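For reference, the structure is listed below as structure tokens.
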Amino acid sequence: MELKLWFSLLFLHVIHDAQSSRGLWTADVPTKIPALQGSCVVIPCTYTYPKPASKLLNRWRGFWRKGNKIVATNLPKWKLNEEYKKRTQFLGNLKTRNCTMLLDGIRKTDVGPFYFRIEMPQYKSFSYTKNMVSIEVLRDPQPPSLSVKVDDDKVTASCSVSHSCPSIPPEFSWSRSGIVTRRSKKLNKWKWETMSTLTFQPRPSDFNKHLNCTVLYRGGKQAKNSTILQTW
Ligand SMILES: *[C@@H]1O[C@H](CO)[C@@H](O)[C@H](O)[C@H]1NC(C)=O
Ligand SMILES: *[C@@H]1O[C@H](CO)[C@@H](O)[C@H](O)[C@H]1NC(C)=O
Ligand SMILES: *[C@@H]1O[C@H](CO)[C@@H](O)[C@H](O)[C@H]1NC(C)=O
């Protein structure tokens, strides 16, 4: 074969491998996630590896690490590093190449960087050290955003915050009773919005008075927003 042709075939092959993401060892994780101290964070994670020649793969061991410390694993009996024991939960499913992890009781020192490692005894092991995730530990909770709509005979107040722990979302409390509903919405891969909506039929005594919404974050930190109900 001519050398030129040989080179171009090799080149095409390399391009092909790089384009099919299943053919590479990559982990899809955010590079940085902000999270409140004391609260929790869910680190979304999926990974790929080159297709093994043999079809039989039925054992996977997944580890989240910080340097050499093991922070989380899918193995139930594994002894985790003392610093992370009882604070992490492996939420992902290795059968579907999902390595999502939860870290709770976030400490100032939990900045990471963390990375995932897969071990497949029938195939290969790999540490995804090129795909690290850091936590930006926030000391103060973000105050909720509060808006109120007054119709003829109904007040609708909405109080919302964004956070990074869909597993244990913040709780809300209102200074006035009424019908309360709550819902969560995904804003991006790691950011969620949880909103509490209060509706009530106003009485004259409700006006020119504070209406407060308090958010209680996982771990106990609170933040508040307040508005004054105006007569319409
Ligand atoms: C991975 O697993 C988590 C936890 O079960 C789930 O919430 C998430 O949707 C999964 N991600 C994908 C891409 O399937
Ligand atoms: C209260 O909510 C309003 C409306 O979303 C927002 O503009 C304001 O900054 C919030 N107040 C505080 C103290 O965060
Ligand atoms: C609501 O918030 C205001 C202003 O921060 C405060 O003065 C008031 O005591 C609060 N009311 C209730 C019932 O918590």
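None of these values were measured; they are calculated from a predicted model. All ligand and atom numbering here is 1-based and tracks the order in the structure. In this chain, numbering begins with 1 at the start of the sequence shown.
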| message | Aromatic contact between Tyr47 and Phe116, with the criterion being ring centroids under 6.0 Å apart: yes or no? | response |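 Yes: the rings meet the under 6.0 Å criterion.
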
| request: Please could you name the atoms of ligand 2 that Ser145 approaches to less than 4.0 Å, counting only its heavy atoms? | output: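 It comes down to these atoms of ligand 2: 2 (O), 5 (O).
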
| Atoms in ligand 2 with a heavy atom of Pro143 nearer than 4.0 Å |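 Counting atoms of ligand 2 from 1, those under 4.0 Å from Pro143 are 14 (O).
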
| task | Check the side chains of Thr96 and Asn98 for a donor-acceptor pair under 3.5 angstrom, ignoring hydrogens and angles. | result |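 No - no donor-acceptor pair under 3.5 Å links their side chains.
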
| query | Is it the case that Trp174 and Ser196 place a side-chain donor and acceptor less than 3.5 Å from each other? | reply |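 Side-chain D/A pair, Trp174 to Ser196: present.
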
Among all protein heavy atoms, pick the one closest to [atom] and tell me residue, atom and distance.
atom: atom 4 (C) of ligand 3; answer: His210 CE1, 3.8 Å
atom: atom 5 (O) of ligand 3; answer: Lys224 NZ, 3.0 Å
atom: atom 11 (N) of ligand 3; answer: Asn212 ND2, 2.7 Å
atom: atom 10 (C) of ligand 2; answer: Asn225 ND2, 2.5 Å

| request: Report the residues that fulfil ring-ring contact (aromatic ring centres under 6.0 Å, His included) with Phe114, sequence neighbours left out, ordered by chain and then residue number. | output: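 Partners of Phe114 under the ring-ring contact (aromatic ring centres under 6.0 Å, His included) test: none.
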
| request: Spell out, as yes or no, whether a donor-acceptor pair under 3.5 Å connects the side chain of Asp151 to the backbone of Asp153. | output: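 The answer is no, because no donor-acceptor pair under 3.5 Å joins these two groups.
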
| task | Go through ligand 1 atom by atom and flag the ones less than 4.0 Å from a non-hydrogen atom of Thr46. | result |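 In order of number, 13 (C).
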
| query | What atoms in ligand 1 come closer than 4.0 Å to a heavy atom of Asn98? | reply |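 Taking each heavy atom of Asn98 in turn, ligand 1 has 1 (C), 2 (O), 3 (C), 8 (C), 10 (C), 11 (N), 12 (C), 14 (O) under 4.0 Å.
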
| field | Pairwise distance CG(Asn131) to SG(Cys45) - rounded to 0.5 angstrom | value |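 Going from the CG atom of Asn131 to the SG atom of Cys45 covers 8.5 Å.
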
| query | Can a cation-pi geometry be assigned to Arg176 and Phe200, taking NZ or CZ under 6.0 Å from the six-membered ring centre and within 45° of the ring axis? | reply |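 Relative to the ring axis of Phe200, which defines the angle, Arg176 lies inside both limits.
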
| task | Ignoring hydrogens, tell whether any protein atom lies closer than 4.0 Å to atom 14 (O) of ligand 2; use the non-hydrogen atoms only. | result |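 So atom 14 (O) of ligand 2 has protein heavy-atom neighbours under 4.0 Å.
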
| field | Test item: protein heavy atom less than 4.0 Å from atom 7 (O) of ligand 1 | value |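 No; the ligand atom in question lacks any protein heavy-atom contact below 4.0 Å.
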
| query | Is there a nitrogen or oxygen of Leu146 sitting under 3.5 Å from a nitrogen or oxygen of ligand 2? | reply |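 Indeed, backbone or side chain, Leu146 has an N or O that close.
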
| said: side-chain hydrogen bond (donor to acceptor under 3.5 Å, both in side chains) for Thr26 and Thr48? Distances and angles first, verdict last. | reply: CA-CA 5 Å; Thr26 56; Thr48 63; 2.8 Å; yes

| message | Using a 4.0 Å cutoff against the non-hydrogen atoms of Ser175, which atoms of ligand 3 qualify? | response |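 Per the distance check, 13 (C).
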
